[in-house]
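Below is one structure, written out as structure tokens, with a few remarks after it.
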There are 2 protein chains.
Amino acid sequence: MSTRGNQKKVNLQAVADEAGVSRATASLVLRESPLVSAETRKRVIAAIHTLGYIYNRGAANLRRQKTGTIGVVLSNIGSPFFSKLLLGIDEVLVDASIVALLVNSADNPERQMRQIWRLREHSVDGLIICPAAGSDETLLSGIEKTGLPYVQVLRHVSQTAGDYVGPDYAGGTDLAVTHLVRHGRKRIVFLGGYPVNSAACERLDGFQRALRRHRLESDLIIPTDLDNLSDFGALESMMASSSPPDAAICYNDMVALSFMGKLLSEGALPGRDFAVIGADNLPQAATSFPALTTIVTDPAGVGRNAARLLLDRIAEPRVSNMRILVSGQLMVRESCGGPLP
Amino acid sequence: MSTRGNQKKVNLQAVADEAGVSRATASLVLRESPLVSAETRKRVIAAIHTLGYIYNRGAANLRRQKTGTIGVVLSNIGSPFFSKLLLGIDEVLVDASIVALLVNSADNPERQMRQIWRLREHSVDGLIICPAAGSDETLLSGIEKTGLPYVQVLRHVSQTAGDYVGPDYAGGTDLAVTHLVRHGRKRIVFLGGYPVNSAACERLDGFQRALRRHRLESDLIIPTDLDNLSDFGALESMMASSSPPDAAICYNDMVALSFMGKLLSEGALPGRDFAVIGADNLPQAATSFPALTTIVTDPAGVGRNAARLLLDRIAEPRVSNMRILVSGQLMVRESCGGPLP
DNA sequence: CTGTTAGCGCTTTCAA
DNA sequence: TTGAAAGCGCTAACAG
């Protein structure tokens with residue numbers, strides 16, 4: 001907040017003076033109240049323009065007890081997935097004239113707590129939060145104690161407590177398995193990260209449920225290190241075994257792309273010798289060689305739904321908890337089911 | 001901002017009462033003033049805890065004439081590059097106990113103006129802005145008229161006006177050309193987007209300067225559509241000409257990866273038959289086949305520098321404009337210069 | 001070291 | 001339809 005060089009402070013009083021009305025009347029004009037005559041309104045608006053007046057929400061908030069801001073707490077600001085999520089959130093907020101205070105928990109529960117605290121000091125009207133890895137239910141009970149409306153996104157800390165919006169991970173994985181089976185694959189491996197959060201668990205669940213449904217064995221689960229994409233752990237030995245896998249569902253496209261690179265470098269052609277399915281539909285998935293078949297989640301859709309749900313919660317007290325699963329689809333390309341390159 | 005069920009409003013006054021001191025003294029404790037005795041401080045802090053008091057920055061801001069918030073206006077929230085930038089910004093802000101209000105101009109100058117207006121209503125202390133495509137100098141003069149400190153990132157709207165922090169695009173491109181020349185490449189094509197913003201222009205500039213320095217022809221510039229990565233425009237015919245190019249510097253890794261896919265599908269091996277260099281060092285660049293040589297820019301570094309510069313500007317009035325170029329490096333992999341797969 | 005007083009810029013009764 | 005007066009929760013001078 002800067003003071004204009006030599007100019008007088010231009011606040012609502014100044015506008016009122018300029019327009020020859022009282023402060024209260026000017027205030028009504030700002031809030032588009034119908035109680036003020038067209039004539040006065042025009043004078044006030046003119047005054048606003050000539051003075052270059054800027055509405056001070058901070059002051060208004062103090063009085064009205066809400067700020068028109070919400071807090072968004074993400075576990076990893078740096079990820080592309082989150083940026084798409086933000087896009088969806090922003091879309092809804094713009095229409096509601098609300099702005100987002102964005103903070104990063106960096107997947108650290110302690111930092112997460114500090115950040116939420118700071119947001120509360122800024123009197124945000126609500127919270128969209130992707131719980132940091134390692135958070136437990138006390139996160140939710142802590143927030144609830146303060147009465148601040150909140151919505152969890154992408155991960156949930158409890159099976160029952162609190163609102164949640166996320167992609168339908170299980171459904172997406174199921175789609176992928178069914179697709180593979182339809183293309184004659186029988187030994188399907190799940191190349192996923194460790195099930196440390198609800199998202200990873202749901203993907204794994206979906207995988208196992210789908211296998212059972214198709215009466216396939218489900219011993220082919222390989223947790224991989226998501227920070228070291230060139231390490232595929234136990235997969236090496238599995239490939240060399242007497243009944244090697246013939247298809248892989250990967251935790252996400254990054255894993256899938258790396259894995260395809262590995263296959264290529266070993267002389268195998270993904271899509272022909274081995275089916276590969278990723279998840280997220282990154283831009284590169286469409287242009288990789290071979291093009292990657294992938295489970296399309298809709299992060300922006302999740303963002304939009306989360307924002308809308310939060311606005312509802314702010315508008316009226318929670319009745320019961322909502323769980324919104326945003327469904328995805330399968331984008332079929334060369335690495336499984338599409339025409340070979 | 002929600003009212004606690006049946007509980008009394010707990011404000012500074014309540015804390016003061018509980019601790020048996022005056023409001024002013026309690027306020028001093030909050031701001032860690034050394035003017036207050038250890039004994040009273042302890043009592044006040046105890047009161048804060050028993051009451052569950054939360055500092056109301058909004059009210060404090062009204063008084064102090066600053067908010068401890070800055071606005072970040074990005075031209076495309078959805079891009080991974082921007083998420084890394086945010087990461088760097090956040091890193092600096094956390095230490096300064098400042099939070100960022102994030103808004104999206106979606107590369108639309110008009111929307112950009114509305115968003116800035118909204119940020120001003122929230123009394124942000126400063127602005128970090130990546131100008132929307134199509135913005136002109138009036139953007140800066142508009143902001144300057146209000147006296148709000150600001151820093152441009154990634155793109156600048158004027159050669160001279162205003163502070164700017166961005167990657168050293170020209171330097172990075174120069175590195176790439178030199179590297180190609182060292183590896184015997186002579187017909188280097190620049191596969192870049194249209195030079196619609198300062199970033200694209202600088203890359204192109206760097207390319208042309210480097211070619212001149214190495215006394216190479218510079219007629220091989222192909223603007224491509226960054227939204228349609230499978231279309232390489234005039235490149236097709238160029239490849240079929242009598243003296244086809246033997247290397248490409250791509251606008252970014254996305255373009256480079258797509259291009260490598262195209263080469264592969266035509267039976268050419270990137271790194272041997274044709275050198276390819278990208279930019280950004282996306283995670284997939286390390287694991288693609290072949291692994292991609294790329295110009296590493298440091299978006300988080302840009303973010304950190306921008307945030308620091310802005311905090312400086314807020315702390316003291318601008319003396320003269322700063323232009324900070326965050327230098328990058330070349331990550332050499334298989335697609336040019338590294339060992340072949 | 002602590003308390004008193006007077007606002008910051010706005011909204012909201014309640015009268016006129 | 002408009003105006004006067006009383007705060008929202010905090011900080012900054014100043015006096016004790």
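In what follows, chains carry the letters A, B, and so on, assigned in the order in which the sequence lines appear, proteins first and then strands, with residues in each chain numbered from 1.
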Contact class for Ala24(B) vs. all strands (heavy atom < 4.0 Å): base, sugar-phosphate, or nothing?
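Touches a base.
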
N or O in side chain of [X] less than 4.0 angstrom from [N] OP1/OP2:
| X | N | value |
| --- | --- | --- |
| Ser22(B) | dG3(C) | yes |
| Asn56(A) | dG9(C) | no |
| Ser27(A) | dT12(C) | no |

So which one's nearest nucleotide on DNA chain C is more toward 5', Thr40(B) or Arg63(B)?
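The answer here is Thr40(B).
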
For [X] and [N], what is the distance between atoms [atom1] and [atom2] respectively, to the nearest whole Å?
| X | N | atom1 | atom2 | value |
| --- | --- | --- | --- | --- |
| Lys66(A) | dC10(C) | NZ | C1' | 16 Å |
| Arg57(B) | dC8(C) | CZ | C1' | 17 Å |
| Asn11(A) | dC8(C) | CG | C1' | 10 Å |
| Arg43(B) | dG3(C) | CZ | C1' | 14 Å |
| Leu12(A) | dT11(C) | CG | P | 7 Å |
| Leu28(B) | dG3(C) | CG | C1' | 11 Å |
| His122(B) | dG9(C) | NE2 | P | 18 Å |
| Gln65(A) | dT11(C) | CD | C1' | 11 Å |

Decide, yes or no, whether a salt bridge links Asp107(A) with Arg155(A) under the criterion of side-chain N to carboxylate O below 4.0 Å.
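A salt bridge is present here (some side-chain N lies under 4.0 Å from a carboxylate O).
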
Please determine if Arg114(B) and Asp95(A) form a salt bridge, counting it only when a charged side-chain N lies under 4.0 Å from a carboxylate O.
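Salt bridge between Arg114(B) and Asp95(A), a charged N being under 4.0 Å from a carboxylate O: no.
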
Dump the intermediate steps for salt bridge (charged side-chain N to carboxylate O under 4.0 Å, His left out) on Asp90(A) and Arg111(B), then the final yes or no.
CA-CA 13 Å; Asp90(A) 185 80; Arg111(B) 175 166 166 167; 2.7 Å; yes

Does any part of the side chain of Ile128(B), heavy atoms only, come nearer than 4.5 Å to the side chain of Tyr150(B), both counted from C-beta?
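Answer no - side chains too far apart.
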
Minimum side-chain heavy-atom gap Leu74(A)-Leu85(A) below 4.5 Å
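Leu74(A) vs Leu85(A): side chains touch.
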
Donor-acceptor side-chain pairing of Arg41(B) and Ser37(B) below 3.5 angstrom
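No, Ser37(B) and Arg41(B) have no side-chain donor paired with an acceptor closer than 3.5 Å.
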
Considering only heavy atoms and no angle criterion, is a donor-acceptor pair shorter than 3.5 Å present between the side chain of Arg64(A) and the base of dT12(C)?
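Not at all, since no donor on one side and acceptor on the other fall under 3.5 Å apart.
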
Between Arg23(A) and Val36(A), just flag the one whose closest nucleotide in DNA chain D comes earlier from the 5' side.
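Going by which nucleotide is closer to the 5' end, it is Val36(A).
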
Of all nucleotides in DNA chain D that come within under 4.0 Å of a heavy atom of chain A, which is furthest toward the 5' end and which toward the 3' end?
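Contacts span dT1(D) to dG9(D), reading 5' to 3'.
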
Carefully, step by step, assess Thr138(A) and Ser141(A) under the rule side-chain hydrogen bond (donor to acceptor under 3.5 Å, both in side chains).
CA-CA 5 Å; Thr138(A) 63; Ser141(A) 57; 5.4 Å; no

